[in-house]
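Along the sequence shown, residues are numbered consecutively beginning with 1. Whatever order the structure lists ligands and atoms in, that order sets their numbers, starting from 1. Given the structure is predicted, the values throughout are model-derived calculations rather than measurements.
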Amino acid sequence: MPDWWQDAVGYEVYIRSFADGDGDGIGDLQGLRRRLGHLADLGVDVVWITPFYPSPQADHGYDVADYLDVDPSFGTLEDLDAVVAEAHGLGLKVMIDLVPNHTSDRHPWFLDARASHHAAHRDWYVWRDPAPGGGPPNNWVSHFGGPAWTFDEATGQYYLHLFLPEQPDLNWAHPEVRAAFDRILEFWLDRGVDGFRIDVAHSLVKDPELRDNPLLGDAPAPDATPQEVFAAYDHRHDLDQPGVVDIYRRWGEIARRHDAVLLGEVYLLDPARLSRYVDDALDSAFCFPALKTGWDADEIRRMLAACVAAGASGMSWPLSSHDDPRAASRFGGGARGSRRALAYLGLLAGLPGVPFLLQGDELGLDDGDTAGANHDPIAVRNPGAVGRDGSRTPMLWEPGEGFGFTTGEPWLPFGTNRADEHTAAVQAADPDSHLNRVRRLLDARREVAAVAQGAEVRWLEAGEAVIAFQRGPVVVACHLGEGTARVALPAAGGLLHATADGAAVDDATLRLPSDATAYVRLPG
Ligand code: NOJ
């Protein structure tokens, strides 16, 4: 793992909603370039930009039609070069999103593949005859609803897509697919990017026999949501297959030559299954169980213990993501949800590994209710299903129409978050704002990382409502209960930082208010 990655703090730029430079209502690279100063001031080290490639946008960019260019709605290759150069000048690293599990159905590879059985790219995708008697070749389901197979009339076969029919899965058993991606990695690394966030990193390899996934219990009800249908199966044949890590070992050789990082979107909710990815294949994997808990000390404590045991320094800890409700919403919403989200960030940032904020987390935003303006294909295509638009609402930069995000009509409404006091500009001027508290937390975290370097996590017994651990000479404690907790420290220490007012250390006791995290420095 490159040195620069160790102890870094990450930040997700959801490009469509970050900053619009040309007034068309869609965030873009020029807009991002103008706002890089905000990220440097915030104290993050690494910026991950979601896909900006040419794309029909069936899944907002995760349907790539050309891996080696920029979609005109986001800018040009030169704009990307400028973002990378300016970010580097500010001391920021830039990671881009690599989408290797599937392409767009408009990618020239797929257009060729579907042209005939003998096309040069036919086997770059997964084609199968209908099952005996007709119907899809197996029982796999798409994450986004319906079967994972679509019938192609022209050639009389089905093709596989774990997501939308517009996102056909590549066949990673094919050596030419592997070689093509080696070239894609080299292309971007030569342009100066510092690494890749790898989309659907757990699913590239499929069972060669394409066997059915067993049901875990009853068959899903006819009106079940795509998420419920997906959860009804034991996905033993369509994800987390044995050979998948070999791909990342191969990419690791390329990445190492460029001092670049590989960060996997390994969406497995059993932490033990993450180890295989971070042991010697990926530099880091997002730890998604961290995005799934409510504000419950026992639940979070057990989850974190299991994730740390799976390899803490290989984890990236997402506070929020563009696919899930924001932390502030998961923890109750409003001012209380924001305060808890900050405390949770403090907890995650105290661990080894890399904490990741989603844009807007630094403003304490919860999921803006977008009042039925559905854009996410999950919601558009599955009546009754909850989509992902809530965590994708545009950034609030400054008061005024368009909130400094756009001079045009935003592609997605600001939702219930639209308020001057939530903007970055207003918060920057208030020392007690969420934004300034996040800045101070990230400053303190740098100090923690410096003194705790390499130290293992030792969990401390601190009562039911408090999660506490020690790393070298630092104690991290988070209080999820009511009132003020009194936490017995292993030794007398000094308060380094707290996410809320009212924390204090007297001798070997930490007094910690509700919904807050503190860092305490012990002697040594
Ligand atoms: C994970 C991405 O984060 C999500 O937004 C996308 O829909 C799926 N992968 C499919 O690419």
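- Neither the backbone nor the side chain of His60 has any atom closer than 4.0 Å to an atom of ligand 1 (non-hydrogen atoms only).
- Those atoms of ligand 1 with a heavy atom of Val200 less than 4.0 angstrom away are 9 (N).
- Just one residue in the list Asp366, Asp361, Asn417 forms a side chain to side chain donor-acceptor pair (under 3.5 Å) with Arg326, and that residue is Asp361.
- In this structure, the protein non-hydrogen atom closest to atom 5 (O) of ligand 1 is Asp323 OD1, 2.8 Å.
- Shown are Asp169, Leu170, Asn171; of these, the side chain to side chain contact (heavy atoms under 4.5 Å, CB included) with Tyr125 is made only by Leu170.
- Those atoms of ligand 1 that come under 4.0 Å of a heavy atom in Arg388, given as number and element, are 4 (C), 5 (O), 6 (C), 7 (O).
- Using a 30° and 60° split on the angle between ring planes, His121 and Trp124 fall in the perpendicular class, above 60°.
- The local environment of CZ in Arg236 is sparse, with at most 12 non-hydrogen atoms from other residues, nucleotides or ligands closer than 6.0 Å.
- Each of the atoms 8 (C), 10 (C) of ligand 1 lies under 4.0 Å from some heavy atom of Phe163.
- In Arg392, the part holding a heavy atom less than 4.0 Å from any atom of ligand 1 is the side chain.
- Between Phe181 and Trp109, the ring planes lie perpendicular to each other; the angle is over 60°, past the 30° to 60° tilted range.
- Here Glu265 has side-chain heavy atoms under 4.0 Å from ligand 1, and that is the only part of it that gets that close.
- Annotation: atom 6 (C) of ligand 1 to nearest protein heavy atom, Asp59 OD2, 3.3 Å.
- Residue contacts with ligand 1, taken as heavy atom pairs separated by less than 4.0 Å, involve Phe144 solely via side-chain atoms from C-beta onward.
- Interface atoms of ligand 1 facing His102, defined by a heavy-atom separation under 4.0 Å, are 10 (C), 11 (O).
- Taking the side chain as every heavy atom from C-beta outward, Leu92 and Glu86 never approach each other to under 4.5 Å.
- Ligand 1 lies nowhere less than 4.0 angstrom from a heavy atom belonging to Tyr267.
- Taking the six-membered ring where tryptophan is involved, the planes of Trp188 and Phe52 are perpendicular, since the angle between them exceeds 60° and thus also 30°.
- Look at His143 and you'll find every heavy atom at least 4.0 Å from all atoms of ligand 1.
- Between Asp28 and Asp20, the closest side-chain pair of non-hydrogen atoms falls below 4.5 Å.
- Of all atoms in ligand 1, numbered sequentially from 1 with element shown, those under 4.0 Å from a heavy atom of His322 are 2 (C), 3 (O), 4 (C), 5 (O).
- Nearest to atom 9 (N) of ligand 1 by heavy-atom distance, out of Asp324, Asp199, Asp97, is Asp199.
- The aromatic rings of Phe286 and Trp48 sit tilted relative to each other, their planes meeting at an angle between 30° and 60°.
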